[in-house]
Amino acid sequence: MKIIITRDREELSAKAAKVMLDVVKSDPYAVLGLATGTTPLGLYAHMIADREKNGTGYAHIRTVNLDEYIGLPASHAQSYAFFMQKHLFDGLGIDRENTYIENGAAADEEKECARYNALLEQLPRSIQLLGLGSNGHIAFNEPGTPFGSDTHVVTLAESTLRDNARLFLHPDEVPRRAYTMGIRQIMHAKKILVLASGANKADAVYKMAMGDVTELVPASVLQLHPDCVLIADREAAERL
Ligand code: GLP
(Lines give C-alpha, C1' and ligand atoms only; values in the text may rest on other atoms or scores of the structure.)
Protein backbone atom coordinates (compact mmCIF):
# COMPACT_ATOMS: atom_id res chain seq x y z
CA MET A 1 0.00 0.00 0.00
CA LYS A 2 1.39 3.38 -0.97
CA ILE A 3 0.76 5.91 1.82
CA ILE A 4 0.55 9.68 1.37
CA ILE A 5 0.15 11.84 4.49
CA THR A 6 -1.17 15.36 4.04
CA ARG A 7 -1.27 18.48 6.24
CA ASP A 8 -5.03 18.67 6.27
CA ARG A 9 -8.22 17.68 4.50
CA GLU A 10 -7.81 20.32 1.78
CA GLU A 11 -4.44 18.93 0.73
CA LEU A 12 -5.91 15.41 0.92
CA SER A 13 -8.68 16.43 -1.47
CA ALA A 14 -6.27 18.06 -3.93
CA LYS A 15 -4.00 15.01 -3.99
CA ALA A 16 -6.96 12.64 -4.34
CA ALA A 17 -8.25 14.72 -7.26
CA LYS A 18 -4.89 14.37 -8.99
CA VAL A 19 -5.10 10.55 -8.74
CA MET A 20 -8.72 10.43 -9.93
CA LEU A 21 -8.25 12.94 -12.74
CA ASP A 22 -5.19 11.08 -14.03
CA VAL A 23 -7.48 8.09 -14.58
CA VAL A 24 -10.26 10.14 -16.19
CA LYS A 25 -7.89 12.02 -18.50
CA SER A 26 -5.94 8.96 -19.58
CA ASP A 27 -9.07 6.95 -20.40
CA PRO A 28 -12.26 8.75 -21.52
CA TYR A 29 -14.09 5.39 -21.21
CA ALA A 30 -12.98 4.74 -17.61
CA VAL A 31 -15.34 3.15 -15.09
CA LEU A 32 -15.10 4.98 -11.77
CA GLY A 33 -16.03 3.18 -8.57
CA LEU A 34 -17.30 5.91 -6.26
CA ALA A 35 -18.09 6.35 -2.58
CA THR A 36 -20.26 8.48 -0.35
CA GLY A 37 -19.51 9.95 3.09
CA THR A 38 -18.09 13.33 3.99
CA THR A 39 -14.44 12.47 3.23
CA PRO A 40 -14.72 12.49 -0.61
CA LEU A 41 -16.66 15.78 -0.76
CA GLY A 42 -13.52 17.89 -1.33
CA LEU A 43 -12.34 15.53 -4.06
CA TYR A 44 -15.71 15.81 -5.79
CA ALA A 45 -15.56 19.62 -5.59
CA HIS A 46 -12.11 19.52 -7.21
CA MET A 47 -13.39 17.30 -10.04
CA ILE A 48 -16.24 19.73 -10.74
CA ALA A 49 -13.86 22.73 -10.64
CA ASP A 50 -11.49 20.93 -13.03
CA ARG A 51 -14.31 20.30 -15.50
CA GLU A 52 -15.38 23.95 -15.35
CA LYS A 53 -11.81 25.14 -15.89
CA ASN A 54 -10.47 22.55 -18.33
CA GLY A 55 -13.61 21.13 -19.94
CA THR A 56 -12.72 17.56 -18.98
CA GLY A 57 -15.17 15.27 -20.74
CA TYR A 58 -17.43 12.81 -18.94
CA ALA A 59 -19.62 11.78 -21.88
CA HIS A 60 -18.30 8.20 -21.91
CA ILE A 61 -17.33 7.83 -18.25
CA ARG A 62 -19.44 5.41 -16.27
CA THR A 63 -19.71 5.30 -12.49
CA VAL A 64 -20.53 2.52 -10.08
CA ASN A 65 -21.29 3.19 -6.43
CA LEU A 66 -20.48 1.04 -3.45
CA ASP A 67 -23.58 0.98 -1.33
CA GLU A 68 -27.12 2.18 -0.66
CA TYR A 69 -29.54 2.21 2.27
CA ILE A 70 -32.39 -0.26 2.05
CA GLY A 71 -35.76 1.46 2.15
CA LEU A 72 -34.65 4.81 0.73
CA PRO A 73 -35.62 5.51 -2.89
CA ALA A 74 -33.21 7.54 -5.05
CA SER A 75 -35.44 10.60 -4.53
CA HIS A 76 -34.88 10.54 -0.73
CA ALA A 77 -32.49 13.30 0.37
CA GLN A 78 -30.49 10.89 2.56
CA SER A 79 -30.12 8.17 -0.07
CA TYR A 80 -26.68 7.68 -1.53
CA ALA A 81 -28.16 8.00 -5.04
CA PHE A 82 -29.35 11.50 -4.13
CA PHE A 83 -25.99 12.34 -2.52
CA MET A 84 -24.07 11.42 -5.68
CA GLN A 85 -26.41 13.38 -7.93
CA LYS A 86 -26.12 16.46 -5.75
CA HIS A 87 -22.41 16.41 -4.96
CA LEU A 88 -20.95 15.08 -8.19
CA PHE A 89 -23.07 13.97 -11.13
CA ASP A 90 -24.93 17.25 -11.67
CA GLY A 91 -21.64 19.18 -11.52
CA LEU A 92 -19.93 16.87 -14.02
CA GLY A 93 -22.90 16.66 -16.34
CA ILE A 94 -22.82 12.86 -16.24
CA ASP A 95 -25.83 11.27 -17.89
CA ARG A 96 -27.88 9.41 -15.25
CA GLU A 97 -27.91 6.41 -17.60
CA ASN A 98 -24.15 6.07 -17.07
CA THR A 99 -24.35 5.95 -13.28
CA TYR A 100 -25.05 2.77 -11.36
CA ILE A 101 -26.01 2.19 -7.74
CA GLU A 102 -28.05 -0.40 -5.88
CA ASN A 103 -31.78 0.38 -5.80
CA GLY A 104 -32.71 0.99 -2.17
CA ALA A 105 -36.41 0.66 -3.07
CA ALA A 106 -36.16 -2.67 -4.92
CA ALA A 107 -38.99 -5.05 -4.05
CA ASP A 108 -36.87 -8.20 -4.01
CA GLU A 109 -33.53 -7.88 -2.18
CA GLU A 110 -32.08 -11.12 -3.51
CA LYS A 111 -32.86 -10.16 -7.10
CA GLU A 112 -31.37 -6.72 -6.53
CA CYS A 113 -28.08 -8.25 -5.31
CA ALA A 114 -28.01 -10.57 -8.34
CA ARG A 115 -28.71 -7.64 -10.69
CA TYR A 116 -25.85 -5.62 -9.20
CA ASN A 117 -23.46 -8.57 -9.24
CA ALA A 118 -24.15 -9.13 -12.95
CA LEU A 119 -23.62 -5.45 -13.62
CA LEU A 120 -20.29 -5.37 -11.80
CA GLU A 121 -19.08 -8.26 -13.95
CA GLN A 122 -19.73 -6.09 -17.01
CA LEU A 123 -18.18 -2.96 -15.53
CA PRO A 124 -14.63 -3.65 -14.38
CA ARG A 125 -13.57 -0.58 -12.40
CA SER A 126 -10.53 1.39 -13.56
CA ILE A 127 -10.35 2.85 -10.06
CA GLN A 128 -12.29 2.32 -6.84
CA LEU A 129 -12.55 5.16 -4.35
CA LEU A 130 -13.06 4.18 -0.71
CA GLY A 131 -13.69 5.93 2.57
CA LEU A 132 -13.07 4.16 5.84
CA GLY A 133 -15.48 3.44 8.66
CA SER A 134 -14.19 4.17 12.17
CA ASN A 135 -14.57 0.40 12.80
CA GLY A 136 -12.46 -0.46 9.74
CA HIS A 137 -15.36 -1.07 7.34
CA ILE A 138 -15.10 -0.40 3.62
CA ALA A 139 -18.33 0.38 1.77
CA PHE A 140 -20.78 -1.23 4.23
CA ASN A 141 -18.72 -4.38 4.70
CA GLU A 142 -18.71 -4.54 8.48
CA PRO A 143 -16.12 -6.44 10.58
CA GLY A 144 -16.45 -10.20 10.01
CA THR A 145 -17.51 -9.95 6.34
CA PRO A 146 -15.78 -12.67 4.28
CA PHE A 147 -13.11 -11.35 1.93
CA GLY A 148 -14.74 -13.43 -0.83
CA SER A 149 -18.12 -11.66 -0.57
CA ASP A 150 -20.13 -10.21 -3.47
CA THR A 151 -22.99 -7.68 -3.26
CA HIS A 152 -25.10 -8.50 -0.23
CA VAL A 153 -27.52 -7.11 2.34
CA VAL A 154 -26.01 -6.01 5.64
CA THR A 155 -27.34 -5.14 9.04
CA LEU A 156 -25.31 -2.09 10.01
CA ALA A 157 -23.10 -2.16 13.08
CA GLU A 158 -24.19 0.00 16.03
CA SER A 159 -21.04 2.13 15.60
CA THR A 160 -21.93 2.74 11.94
CA LEU A 161 -25.48 3.77 12.87
CA ARG A 162 -24.03 6.21 15.39
CA ASP A 163 -21.43 7.58 12.94
CA ASN A 164 -24.01 8.12 10.22
CA ALA A 165 -26.75 9.56 12.46
CA ARG A 166 -25.27 13.07 12.06
CA LEU A 167 -26.59 13.16 8.50
CA PHE A 168 -30.19 12.48 9.55
CA LEU A 169 -32.58 14.71 11.46
CA HIS A 170 -33.07 12.02 14.11
CA PRO A 171 -30.92 8.94 14.92
CA ASP A 172 -34.00 6.68 14.56
CA GLU A 173 -34.25 7.66 10.89
CA VAL A 174 -30.95 5.95 9.95
CA PRO A 175 -31.89 2.80 8.03
CA ARG A 176 -30.58 -0.27 9.82
CA ARG A 177 -29.91 -2.26 6.66
CA ALA A 178 -28.11 -1.58 3.42
CA TYR A 179 -26.84 -3.09 0.19
CA THR A 180 -23.10 -3.15 -0.23
CA MET A 181 -20.69 -4.15 -2.94
CA GLY A 182 -18.68 -7.11 -1.63
CA ILE A 183 -15.02 -7.15 -0.70
CA ARG A 184 -14.08 -9.47 -3.57
CA GLN A 185 -15.57 -6.97 -6.02
CA ILE A 186 -13.82 -4.01 -4.39
CA MET A 187 -10.50 -5.86 -4.70
CA HIS A 188 -11.23 -6.46 -8.39
CA ALA A 189 -10.69 -2.78 -9.27
CA LYS A 190 -7.48 -2.08 -11.16
CA LYS A 191 -6.53 0.69 -8.74
CA ILE A 192 -7.84 1.58 -5.28
CA LEU A 193 -7.79 5.02 -3.68
CA VAL A 194 -8.60 5.13 0.06
CA LEU A 195 -9.18 8.43 1.84
CA ALA A 196 -9.12 8.94 5.60
CA SER A 197 -9.48 12.19 7.46
CA GLY A 198 -9.73 13.09 11.14
CA ALA A 199 -8.62 11.70 14.49
CA ASN A 200 -11.61 9.33 14.76
CA LYS A 201 -10.14 7.32 11.85
CA ALA A 202 -6.61 6.99 13.33
CA ASP A 203 -7.17 3.59 14.89
CA ALA A 204 -8.81 2.15 11.75
CA VAL A 205 -6.05 3.61 9.54
CA TYR A 206 -3.38 2.00 11.70
CA LYS A 207 -5.10 -1.41 11.64
CA MET A 208 -5.77 -1.16 7.90
CA ALA A 209 -2.21 -0.31 6.93
CA MET A 210 -0.07 -1.90 9.65
CA GLY A 211 -2.23 -4.53 11.36
CA ASP A 212 -2.87 -8.18 10.58
CA VAL A 213 -4.82 -8.92 7.41
CA THR A 214 -8.03 -10.21 8.98
CA GLU A 215 -11.74 -10.25 8.22
CA LEU A 216 -12.23 -8.57 11.60
CA VAL A 217 -10.79 -5.42 9.97
CA PRO A 218 -12.28 -5.40 6.45
CA ALA A 219 -9.97 -2.62 5.22
CA SER A 220 -6.88 -4.69 6.07
CA VAL A 221 -7.55 -6.71 2.89
CA LEU A 222 -6.29 -3.68 0.95
CA GLN A 223 -2.73 -4.61 1.97
CA LEU A 224 -3.11 -7.43 -0.58
CA HIS A 225 -4.08 -5.18 -3.50
CA PRO A 226 -1.26 -4.58 -6.03
CA ASP A 227 -2.09 -0.89 -6.61
CA CYS A 228 -3.67 0.70 -3.55
CA VAL A 229 -3.01 4.31 -2.54
CA LEU A 230 -3.98 5.61 0.89
CA ILE A 231 -4.21 9.36 1.35
CA ALA A 232 -4.62 10.30 5.01
CA ASP A 233 -4.43 13.67 6.69
CA ARG A 234 -2.13 14.17 9.66
CA GLU A 235 -4.83 13.45 12.23
CA ALA A 236 -5.96 10.21 10.59
CA ALA A 237 -2.31 9.13 10.16
CA GLU A 238 -1.23 9.93 13.72
CA ARG A 239 -0.72 6.25 14.69
CA LEU A 240 1.27 5.28 11.58
C1 GLP B 1 -20.43 5.20 5.28
C2 GLP B 1 -20.23 4.65 3.88
C3 GLP B 1 -18.78 4.30 3.66
C4 GLP B 1 -17.92 5.48 4.05
C5 GLP B 1 -18.09 5.78 5.51
C6 GLP B 1 -17.19 6.91 6.01
O7 GLP B 1 -20.48 4.21 6.24
N8 GLP B 1 -21.01 3.49 3.61
O9 GLP B 1 -18.60 3.94 2.31
O10 GLP B 1 -16.59 5.19 3.77
O11 GLP B 1 -19.44 6.15 5.67
O12 GLP B 1 -17.83 8.14 5.97
P13 GLP B 1 -17.16 9.52 6.26
O14 GLP B 1 -16.28 9.80 5.09
O15 GLP B 1 -18.28 10.48 6.37
O16 GLP B 1 -16.38 9.37 7.52
Side-chain angles (χ1 to χ4, degrees), residues 6 9-69 72-105 116 119-120 123-133 137-140 151 163-164 166-168 178-181 185-186 189-198 229-231 233:
T6 66
R9 192 186 279 226
E10 176 43 37
E11 195 192 4
L12 173 151
S13 301
K15 286 207 172 351
K18 166 99 181 58
V19 174
M20 188 61 86
L21 290 170
D22 276 353
V23 173
V24 171
K25 291 180 188 195
S26 64
D27 178 6
Y29 288 84
V31 178
L32 310 180
L34 298 176
T36 53
T38 46
T39 317
L41 285 175
L43 156 64
Y44 292 163
H46 274 275
M47 291 171 76
I48 293 168
D50 161 80
R51 175 176 177 261
E52 280 163 8
K53 189 167 163 228
N54 304 315
T56 306
Y58 286 85
H60 306 294
I61 296 283
R62 284 170 298 169
T63 71
V64 181
N65 259 81
L66 289 169
D67 43 19
E68 179 61 286
Y69 286 120
L72 302 191
S75 57
H76 191 287
Q78 256 69 45
S79 73
Y80 285 166
F82 193 95
F83 175 102
M84 292 307 300
Q85 202 62 47
K86 176 173 165 193
H87 294 291
L88 189 67
F89 300 152
D90 286 344
L92 295 183
I94 294 191
D95 190 335
R96 200 179 273 243
E97 299 269 293
N98 290 337
T99 70
Y100 302 90
I101 187 164
E102 296 96 331
N103 175 7
Y116 214 60
L119 194 92
L120 291 173
L123 290 173
R125 271 79 64 221
S126 319
I127 185 167
Q128 178 64 59
L129 174 66
L130 294 175
L132 183 65
H137 78 210
I138 44 176
F140 270 139
T151 304
D163 286 351
N164 291 357
R166 63 186 147 68
L167 303 170
F168 289 79
Y179 292 109
T180 184
M181 189 189 291
Q185 294 158 323
I186 290 173
K190 196 160 161 221
K191 184 179 191 74
I192 294 184
L193 173 61
V194 199
L195 305 182
S197 168
V229 183
L230 160 67
I231 308 182
D233 63 16

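Hydrogens, waters and symmetry mates play no part in the numbers below; they use all other heavy atoms, side chains included.
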Distance in Å, [X] [atom1] paired with [Y] [atom2], rounded so as to fall on 0.5 Å steps:
X    : Y    : atom1 : atom2 : value
K86  : S79  : NZ    : OG    : 11.0 Å
I231 : S197 : CD1   : OG    : 11.5 Å
D67  : Y179 : CG    : OH    : 13.0 Å
N98  : T63  : CG    : OG1   : 8.0 Å
H87  : L92  : NE2   : CG    : 13.0 Å
L43  : L12  : CG    : CG    : 8.5 Å

Taking all non-hydrogen atoms of both residues into account, name the closest pair between [X] and [Y] and its distance.
X    : Y    : answer
A30  : V23  : CB-CG1, 4.0 Å
A35  : G131 : CB-N, 4.3 Å
R62  : L123 : NH1-CD2, 3.3 Å
L193 : A16  : CD2-O, 3.9 Å

*Between the side chain of D27 and the main-chain N/O of Y29, is any donor-acceptor distance below 3.5 Å?*
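Yes: the side chain of D27 pairs with the backbone of Y29.
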*asked:* Using modelled atom types and a 3.5 Å cut-off, is there a donor and acceptor pairing between side-chain atoms of N103 and backbone atoms of A105?
replied: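 Flag set: sc N103 to bb A105 pair under 3.5 Å.
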*Under the criterion side-chain contact (heavy atoms from CB on, under 4.5 Å), which of E52, R51, H46 is the partner of I48?*
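Looking at E52, R51, H46, the match for I48 under the side-chain contact (heavy atoms from CB on, under 4.5 Å) is E52.
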*Among V229, I186, L230, side-chain contact (heavy atoms from CB on, under 4.5 Å) partner for I192*: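 Checked V229, I186, L230 against I192; only one passes side-chain contact (heavy atoms from CB on, under 4.5 Å): I186.
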Is the shortest heavy-atom distance from the side chain of [X] to the side chain of [Y] under 4.5 Å?
X    : Y    : answer
Q128 : K191 : no
L130 : L66  : yes
T180 : E68  : no
L129 : L32  : no
F89  : L34  : yes
M84  : T99  : no

*Would you please classify the geometry between the Y44 ring and the F83 ring as parallel, tilted or perpendicular, with 30° and 60° separating the classes?*
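Because their plane-to-plane angle is over 60°, the rings of F83 and Y44 count as perpendicular.
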_ring pair (Phe, Tyr, Trp, His ring centres under 6.0 Å) between F140 and Y69, intermediate numbers included_ = CA-CA 10 Å; F140 270 139; Y69 286 120; 5.7 Å; yes
*asked:* side-chain contact (heavy atoms from CB on, under 4.5 Å) for I127 and V19? Distances and angles first, verdict last.
replied: CA-CA 9 Å; I127 185 167; V19 174; 4.0 Å; yes
*Take I101 and Y80, measure what side-chain contact (heavy atoms from CB on, under 4.5 Å) needs, and give me the verdict at the end.*
CA-CA 8 Å; I101 187 164; Y80 285 166; 3.8 Å; yes
*Residue pair R125, M181: steps toward the side-chain contact (heavy atoms from CB on, under 4.5 Å) verdict*: CA-CA 12 Å; R125 271 79 64 221; M181 189 189 291; 4.1 Å; yes
*All pairs passing salt bridge (Lys or Arg N to Asp or Glu O under 4.0 Å) where residues 9-25 contributes a residue, at least two apart*: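 Pairs touching residues 9-25 that pass the test: R7-E11, E11-K15, K18-D22, K25-D50.
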_The test is side-chain contact (heavy atoms from CB on, under 4.5 Å); show your working for Y100 and L120 and say whether it passes._
CA-CA 9 Å; Y100 302 90; L120 291 173; over 6 Å; no
*asked:* Within a 6.0 Å radius of atom CZ on R166, are there more than 12 heavy atoms belonging to other residues, nucleotides or ligands?
replied: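 More than 12 within 6.0 Å, yes.
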